[in-house]
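The structure appears below as structure tokens.
Letters A, B, ... are given to chains in the order of the sequence lines, protein chains preceding strands, and every chain is numbered from 1.
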Number of protein chains: 2
Amino acid sequence: MKQELKSELTKQLIISKAFDLFYENGFKNTSIDRIMKATDLSKGAFYHHYGSKKELGLEVISLKVQKRVVDGMISPLNRPGNSLELLESVFIDRLRAFPFYDKQNGCPMNNLINEIGNDESVYQTALRNIIEQWKSALIQLLERGKQAGEIKREVSSSAVAIYLISAFEGIRGIRKLYHEDSVLEDYLKGLSMYLEQIKV
Amino acid sequence: MKQELKSELTKQLIISKAFDLFYENGFKNTSIDRIMKATDLSKGAFYHHYGSKKELGLEVISLKVQKRVVDGMISPLNRPGNSLELLESVFIDRLRAFPFYDKQNGCPMNNLINEIGNDESVYQTALRNIIEQWKSALIQLLERGKQAGEIKREVSSSAVAIYLISAFEGIRGIRKLYHEDSVLEDYLKGLSMYLEQIKV
DNA sequence: CAATAAACATACTGGTTAGAATGTTTTGCT
DNA sequence: AGCAAAACATTCTAACCAGTATGTTTATTG
């Protein structure tokens, strides 16, 4: 195999296993040894491709975590159609569609925010970028809805965006404490009411 | 000094220092050694009073973390007066009044929920108890507001309670990523709108 | 076909971890 | 006073941690 390709595949393997383990057990609680055991490669291989655990963490955030949020919560906002119906379908359907594993383990981004969000500024920046991208996409959609006469013009788009994100991330943490979905249904009912209110 | 009193004071000292360090550095990232260094006592003293780190963690949750939420977010809900004004003052004023340290480090309960909420069921139960107590107090206040003709009767109290809690915990995590309060102001604006809508 | 460098593996370092074992001091009780 | 137990301190262990040093194997290139 070509070296360049082989190297890239190995890095992707490490990042992928690292993401899974960070998600399940937390960032600081996951050792390089444990990650490399999952890849069936050695520690030497890791430090050949990465300079430090921090460097890996940043790649996991900017490649895997960010992609997950973009694919699941941001890109779908750009589809055509009624802005409010779009918001509903993205926020409600996605939450309902999560597999048990994801409900139990919460949001990978939110887990990292709460675990290492007050740690080092490089982590802060990487995670903040995702939030900002999400916020921007929401604002854009809300403004589109106002233009289309679907959303009240007097509401602050950035306030609605942040409130939607906050509640979503909040419930994904709280859901971890329960073994059933009733708390999720409460949230969804609360969200529906919220969206109803900004309707024109 | 009486033995019983001395023992109790020592346990309180350990719990207090443990809470501070858990808050700043996370639960798993805080060692017994580090905690006992902060108390100026020895590791032997710790294992005389506590059987394990887990036992200490549960005491910190049920005594310190719970008390913090009760004092700051639950007890104030029982004051007399207009229910909506009460909600506003509790959620908005408290968030604004947090010192820089608390804004940067987030919510102690939410940090624990996201760090160890999917870990062991004893932690889940201890943290869930706090959420349930908070939710109950909010529902009680919302029902009171409905009776007083201050809140729309058709809204689901449990849905509003969970949505309020979710958004609050969510923003306390997100705020960690920023160095200023603009994201907090967005949240507060969003919250005001939300409360306005359930008004009768 | 060599020389070279990339892609790994193995073995180690110095530090930290939860917890146990064992010692010493303080307090309580008769 | 004298004995017992509680409240600590000191020392140790076996495992784990991030990162380094030094190998060996595989691919690339002249």
Exercise. Looking for any heavy atom pair under 4.0 Å, which part of the strands does A:Thr39 touch: base, sugar-phosphate only, or nothing?
Worked result: nothing
Rounded to whole Å, how long is the line connecting atom [atom1] of [X] with atom [atom2] of [N]?
X       : N      : atom1 : atom2 : answer
A:Arg34 : D:dC16 : CZ    : P     : 12 Å
B:Ile14 : C:dA18 : CD1   : P     : 14 Å
A:Leu13 : C:dC8  : CG    : C1'   : 13 Å
B:Phe46 : C:dA20 : CZ    : C1'   : 14 Å
A:Lys28 : C:dT16 : NZ    : P     : 16 Å
A:Leu56 : D:dG19 : CG    : P     : 11 Å
B:Tyr47 : D:dT13 : OH    : P     : 17 Å
B:Asp33 : C:dT16 : CG    : P     : 9 Å

Exercise. Who passes salt bridge (charged side-chain N to carboxylate O under 4.0 Å, His left out) against A:Lys53, sequence neighbours left out?
Worked result: none
Exercise. With sequence neighbours left out, what residues match A:Arg175 under salt bridge (charged side-chain N to carboxylate O under 4.0 Å, His left out)?
Worked result: A:Asp181
Give each protein N/O atom lying under 3.5 Å from an N/O atom of nucleotides 3-9 of chain D, with the pair distance.
| residue | atom | partner | partner atom | Å |
| --- | --- | --- | --- | --- |
| D:dA6 | O4' | B:Gln3 | NE2 | 3.4 |
| D:dA7 | OP1 | B:Gln3 | O | 3.3 |
| D:dA7 | OP2 | B:His48 | NE2 | 2.8 |
| D:dC8 | OP1 | B:Lys6 | NZ | 3.3 |
| D:dC8 | OP2 | B:Thr10 | OG1 | 2.7 |
| D:dC8 | OP2 | B:His49 | NE2 | 3.3 |
| D:dA9 | OP2 | B:Ser42 | N | 2.4 |
| D:dA9 | OP2 | B:Ser42 | OG | 2.5 |
| D:dA9 | O5' | B:Ser42 | OG | 3.4 |

Problem set entry | B:Phe27 vs B:Val60, side-chain contact (heavy atoms from CB on, under 4.5 Å): CA-CA, chis, key distance, verdict | CA-CA 10 Å; B:Phe27 177 71; B:Val60 168; over 6 Å; no
For this session: Flag the pair B:Arg172 and B:Glu169 as a salt bridge only when some basic side-chain nitrogen lies within less than 4.0 angstrom of an acidic carboxylate oxygen.
Result: no
For this session: Counting heavy atoms from C-beta on, name the nucleotide in D:dC17, C:dT17, C:dG19 closest to the side chain of B:Ser31.
Result: C:dT17
Exercise. Backbone N or O of B:Lys28 within a donor-acceptor pair of the B:Glu115 side chain at under 3.5 Å?
Worked result: yes
For this session: Would you confirm whether B:Ser83, through its side chain, and B:Leu142, through its main-chain N or O, come within 3.5 Å as a donor-acceptor pair?
Result: no
Exercise. Of the options B:Tyr187, B:Tyr163, B:Tyr194, B:Phe168, which is the one that meets B:Phe91 in a ring-ring contact (aromatic ring centres under 6.0 Å, His included)?
Worked result: B:Phe168
For this session: Return the set of residues passing side chain to side chain donor-acceptor pair (under 3.5 Å) with B:Lys17 (not counting sequence neighbours), or none when no residue passes.
Result: none
For this session: Only counting residues at least two apart or in another chain, list the ones meeting side chain to side chain donor-acceptor pair (under 3.5 Å) with A:Asn105.
Result: B:Asn118
Exercise. In residues 114-124 of chain B, which ones come under 4.0 Å of DNA chain C, going by heavy atoms?
Worked result: none
